[in-house]
Amino acid sequence: QVQLVESGGGLVQAGDSLRLSCAASGRTFSSYAVGWFRQAPGKEREFVGFIKWSGGSTYYADSVKGRFTISRDNAKNTASLQMNSLKPEDTAVYYCAAGETIATCRKDYGMDYWGKGTLVTVSS
């Protein structure tokens, strides 16, 4: 079992930056890939990006590529989502997730554990 807790959400203006954190507890964090997802009001949850186990490889959705950066610190059992040049359409609840494998053919990318989310609101 892995428990995940997101933090860092809030209200920002368009063009601002925000950094979300994901704190993990339980089993060895480095054994899991970490994914970030978001769900806007009235919309389905969508993939934002993931970082592999060692932290050497990342992959992003086209909508955030070049603006968002995922990192992790396995020694501290944390992962982060740095969001720059935020847009109103980035408004959503952001979720951190962890999985032993990555399944890109699935909407949830095969993530096994999920946090409860943190709300990011970007005003225009």
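Values below: all heavy atoms of this structure, side chains included; hydrogens, waters and symmetry mates excluded.
Both M111 and Y59 are members of a single hydrophobic cluster when ILVMFWY side chains are connected at heavy-atom separations under 4.5 Å. V48 and Y32 sit in two unconnected hydrophobic clusters of ILVMFWY residues. Membership requires side-chain heavy atoms under 4.5 Å apart, directly or through other members. In the hydrophobic cluster analysis, where Ile, Leu, Val, Met, Phe, Trp and Tyr join through side-chain heavy atoms closer than 4.5 angstrom, F29 is grouped together with L81. By the rule that hydrophobic residues join a cluster once side-chain heavy atoms approach within less than 4.5 Å of another member, V120 and V64 end up as members of one cluster. Placement of L18 and V34 within a single hydrophobic cluster is found when ILVMFWY residues are connected by side-chain heavy-atom separations under 4.5 Å, directly or transitively.
Judged by distance alone, the side chain of W53 and the main-chain N or O of T101 form no donor-acceptor pair under 3.5 Å. Panel note: side chain D16, backbone V122; no donor-acceptor pair is recorded below 3.5 Å.
Two residues are said to be in side-chain contact when any heavy atoms from C-beta on lie closer than 4.5 Å; L20 and M83 meet this criterion. Residues S31 and E100 fail the side-chain proximity criterion, which asks for heavy atoms closer than 4.5 Å.
The side-chain hydrogen bond (donor to acceptor under 3.5 Å, both in side chains) check on D108 picks up R106, with sequence neighbours excluded. For the side-chain hydrogen bond (donor to acceptor under 3.5 Å, both in side chains) test, residues two or more places apart in sequence or in another chain that qualify with D90 are R38, R67. Under the side-chain hydrogen bond (donor to acceptor under 3.5 Å, both in side chains) criterion, Q13 pairs with no residue, sequence neighbours left out. E44 is linked by a side-chain hydrogen bond (donor to acceptor under 3.5 Å, both in side chains) to K107, counting only residues two or more places apart in sequence or in another chain.
Atom-to-atom distance recorded for S7:OG and R19:CZ is 10.5 Å, nearest 0.5 angstrom. The distance from atom CG of N77 to atom SG of C22, rounded to the nearest 0.5 Å, is 10.0 Å. Here K65 contributes atom NZ and T58 contributes atom OG1; the two are 10.0 Å apart, rounded to the nearest 0.5 Å. To the nearest 0.5 Å, atoms CG (L119) and OG1 (T91) are separated by 8.0 Å. Here CH2 of W36 is found 8.0 Å from CD1 of I70. Values are rounded to the nearest 0.5 Å.
Pairs of residues two or more places apart, or lying in two chains, never qualify as side-chain hydrogen bond (donor to acceptor under 3.5 Å, both in side chains) while including a residue from residues 112-124. Among residue pairs with one or both ends in residues 61-96, none qualify as ring-ring contact (aromatic ring centres under 6.0 Å, His included); sequence neighbours excluded.
Heavy atoms only, all atoms of each residue included: N84 and S17 are closest at OD1-OG, 2.9 Å. The two residues A24 and V2 come nearest to each other via the heavy atoms CB-CG1, 4.3 Å.
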